[in-house]
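Start at 1 and go down the list; that is how both ligands and their atoms are numbered. Counting begins at 1 with the first residue of the sequence.
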Amino acid sequence: MTAYRVINPATEEFLREVELADVETTDRAIAAATTAFATWRHVSPGDRARLMRRFADVVDAHIDELAALEVANAGHTISNATWEAGNVRDVIEYFAGVPERLFGRQIPVEGGMNVTFAEPLGVVGVIVPWNFPMPIAGWGFAPALAAGNTVVLKPAEITPLTAIRLGELALEAGLPEGVLTVIPGKGSVVGERFVTHPDVRKIVFTGSTEVGKRIMAGCAAQVKNVTLELGGKNANIVFDDADLAEAVAAAPGGVFDNSGQDCCSRSRLLVQRGIHAEFLAALEESVRAFTCGDPTRADTDMGPLVTAAHRDKVAGYVENAEVAFTGSCPTGPGFWFPPTVITPGDLRQADFNEEIFGPVVSVVPFDTEEEALAIANNTEYGLSGSIWTNSLDRAVRVSRGIEAGNLSVNSHSSVRYWTPFGGFKQSGLGRELGPDAVAAFTETKNVFFATRGA
Ligand code: NAP
Ligand code: MG
């Protein structure tokens, strides 16, 4: 087995070595999950719900520890990481309500009784990216477990620490061995094995569109069920009738939060021409006030990027672009990149079309509502977006016109664990969270019972 050396991206200090699983280890974990499924699926709804609630309580008792771990491993600010750990607790608690409510239906038929059952799929493979290691793990495993499946979970190679801890906390809460198994390792080894192993009945993948396509193609070979949460190139549209001060104040957070390493990051800022110059001037002030630095401090808005390689990739996009202004950030050690505002001369250029996944926003003027919609929709992605306007008519028209799964009006908030989340077009397939998420983790079985006799 090889090992990965986990580095703190804010300090470049060595944190820990994590063993990377090979195919044999992965197969053993899948076999254990298959065995555990035979029991877990028959645990009574009340007991399964109680175990899930206990799991949420144990996570709740470790929020500070989990948050500190994420700050160290991924460079998230302590305020974000605390929210993320709380989100995992909330998600487990929310889906703990599912086991007793896994309803089927009775459908009238002649000559007997017809009933549907929502049955678990079996072993679910959850593959997690490095940008939100905790929430994205929870969004996959919580509904899966609640519906009676068992889970094997692969964190991103570079951010495995919180997932490993969550696996330990599940056992501490009393979830039986094999119900939730965390397997650190490489995507090309552990992730691919989840896809090819016949006993893994579903893949929940969050990550890049490129890898998502590969996974979907791999799943096709076994007609394996798949949920995909992929990339985004999301618009933040500011109309001239918006509350300008509000829109300007919120814009940096909408794109630079988590250092822009967010699939929902509003990295295309479209501003109506009449307010474009005024908006840019005010934005410069707002960006300079956005603090980038020590992620352990409660008043820091933005930490480092996750690795040196990712920082260099982000820098590559900015190198030849028209930078209007930047905020500031530390020089090093650490993988720093400042909040950066670009005013692209050509909407075909890379910074405006590719997911940079860093603290970079491209600001572009538009004239009409139709033009704003055309620009916003001119992308293969369709994940999120924001609309700033004081006109209800416009808010309705534009929100209905944007091809994306998660929109917000006069806000950048698009994630709540009790509302559906997912993408249009090449941003994904299926929905996570909310009341319908469980359907992605069950098969409907229809049974007809013939009645004999009088
Ligand atoms: P990535 O390179 O696609 O990797 C995601 C996960 O897939 C990692 O665990 C990775 O393992 C694994 N993987 C890589 N190759 C694989 C393969 N051939 N088979 C199976 N698994 C494989 O994405 P990332 O760079 O970690 O994350 C950034 C991307 O995620 C961005 O595009 C972002 O937009 C997207 N994202 C989407 C959402 C959403 O909900 N829509 C949320 C967050 C992030 P390794 O770590 O070993 O490479
Ligand atoms: Mg990657």
Side-chain angles (χ1 to χ4, degrees), residues 2 4 6 18 20-23 26 73-74 76 84 87 125-140 152-163 182-197 200 203-219 221 224 226-234 255 257-267 305-307 309-310 313-314 354-358 379-385 404-406 414-415 417 420-434 437:
T2 48
Y4 181 78
V6 184
V18 172
L20 298 174
D22 54 18
V23 171
T26 307
N73 189 167
H76 291 195
E84 290 157 20
N87 179 262
V126 179
I127 302 174
V128 180
W130 50 259
N131 66 320
F132 287 116
M134 281 192 280
I136 291 171
W139 301 2
V152 287
L153 184 143
K154 190 199 93 63
E157 183 183 6
I158 58 180
T159 57
L161 299 188
T162 47
V182 175
I183 314 170
K186 287 185 183 297
S188 56
V189 179
V190 179
E192 292 233 6
R193 189 59 186 143
F194 285 4
V195 173
T196 58
H197 199 299
V200 176
I203 300 290
V204 180
F205 171 80
T206 306
S208 60
T209 296
E210 182 194 343
V211 176
K213 287 177 183 174
R214 197 188 153 104
I215 287 183
M216 192 172 173
C219 286
K224 191 172 291 196
V226 64
T227 294
L228 301 173
E229 296 286 3
L230 310 176
K233 190 69 188 176
N234 313 294
V255 61
D257 193 51
N258 206 35
S259 308
Q261 303 166 124
D262 180 346
C263 51
C264 289
S265 169
R266 274 65 166 169
S267 54
L305 294 179
V306 72
T307 57
H310 186 57
K313 184 180 161 205
V314 171
E354 293 172 26
E355 186 181 41
I356 299 176
F357 227 53
T379 166
E380 287 309 321
Y381 292 119
L383 190 58
S384 77
N406 295 84
S414 47
V415 177
Y417 58 82
F421 180 82
F424 280 28
K425 301 194 282 189
Q426 292 190 25
S427 285
L429 202 63
R431 291 293 178 273
E432 296 191 288
L433 303 176

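- Proximity of a side-chain donor or acceptor of K186 to a complementary backbone N or O of L20 within less than 3.5 Å is not detected.
- Among P133, G405, G187, the residue whose heavy atom lies nearest to atom 21 (N) of ligand 1 is G187.
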Apply salt bridge (Lys or Arg N to Asp or Glu O under 4.0 Å) to residues E192 and R214 and explain how you reach the verdict. CA-CA 10 Å; E192 292 233 6; R214 197 188 153 104; 2.5 Å; yes

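- Looking at ligand 1, you won't find any N or O of W139 less than 3.5 Å from one of its N or O atoms.
- Here the side chain of S259 pairs no donor or acceptor atom with the backbone of Q261 at under 3.5 angstrom.
- If you number the atoms of ligand 1 from 1 as listed, the ones under 4.0 Å from a heavy atom of K186 come out as 47 (O).
- Proximity to N131 (heavy-atom distance under 4.0 Å) selects the following atoms of ligand 1: 43 (C), 44 (C).
- In this structure, V195 has no heavy atom closer than 4.0 Å to ligand 1.
- Checked by atom type and distance alone, the side chain of N406 never pairs as donor or acceptor with a backbone atom of V415 at under 3.5 Å.
- Less than 4.0 angstrom separates some heavy atom of R214 from each of these atoms of ligand 1: 18 (N).
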Please evaluate residues W130 and F357 with respect to the criterion ring-ring contact (aromatic ring centres under 6.0 Å, His included), reporting the C-alpha separation (whole Å), side-chain torsions for both, the decisive distance (0.1 Å), and the verdict. CA-CA 11 Å; W130 50 259; F357 227 53; 5.4 Å; yes

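- Scanning T206, I127, I158 for the heavy atom closest to atom 5 (C) of ligand 1 points to T206.
- The shell of residues lying under 4.0 angstrom from ligand 1, judged by heavy atoms, excludes F194.
- Residue contact check: W130 has heavy atoms under 4.0 Å from atoms 24 (P), 25 (O), 26 (O), 27 (O) of ligand 1.
- Using a 4.0 Å cut-off to heavy atoms of V128, the atoms of ligand 1 that qualify are 6 (C), 8 (C), 9 (O).
- Here W139 and F421 bring their ring centres to under 6.0 angstrom of each other.
- For atom 30 (O) of ligand 1, the nearest non-hydrogen atom from the set P160, G428, G207 belongs to G207.
- Relative to atom 28 (C) of ligand 1, the option among Y4, F357, F205 with the closest non-hydrogen atom is F357.
- In the vicinity of F421, heavy-atom distances shorter than 4.0 Å reach the ligand 1 atoms 40 (O).
- Using a 4.0 Å cut-off to heavy atoms of G191, the atoms of ligand 1 that qualify are 19 (N), 20 (C), 21 (N).
- The part of E355 lying near ligand 1 is the side chain, judged by heavy-atom distances below 4.0 Å.
- Note on ligand 1: F132 sits outside its first shell, no heavy atom being nearer than 4.0 Å.
- Once rounded to the nearest 0.5 Å, the distance linking CG of L433 with CG of N87 reads 7.5 Å.
- Those atoms of ligand 1 with a heavy atom of S208 less than 4.0 angstrom away are 1 (P), 2 (O), 3 (O), 23 (O), 29 (C), 30 (O), 32 (O).
- For ligand 1, none of its N or O atoms has an N or O atom of S427 under 3.5 Å away.
- Among all heavy-atom pairs drawn from N258 and N131, the shortest one is ND2-O, 3.1 Å.
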Could you go through E355 and K233, starting from their C-alpha distance and side-chain angles, then the distance that decides it, and tell me whether this counts as salt bridge (Lys or Arg N to Asp or Glu O under 4.0 Å)? CA-CA 6 Å; E355 186 181 41; K233 190 69 188 176; over 6 Å; no

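- Counting heavy atoms of neighbouring residues, nucleotides and ligands inside a 6.0 Å radius, atom NZ of K425 exceeds 12 of them.
- A donor-acceptor pair is defined here as one N or O able to donate and one able to accept, closer than 3.5 Å; such a pair exists between the side chain of N234 and the backbone of C263.
- Under 4.0 angstrom from ligand 1, there are no non-hydrogen atoms of V190.
- We find the CD1-CZ distance between I203 and F194 to be 7.0 Å, quoted to the nearest 0.5 Å.
- Below 3.5 Å of separation, one finds no N or O of T209 facing any N or O of ligand 1.
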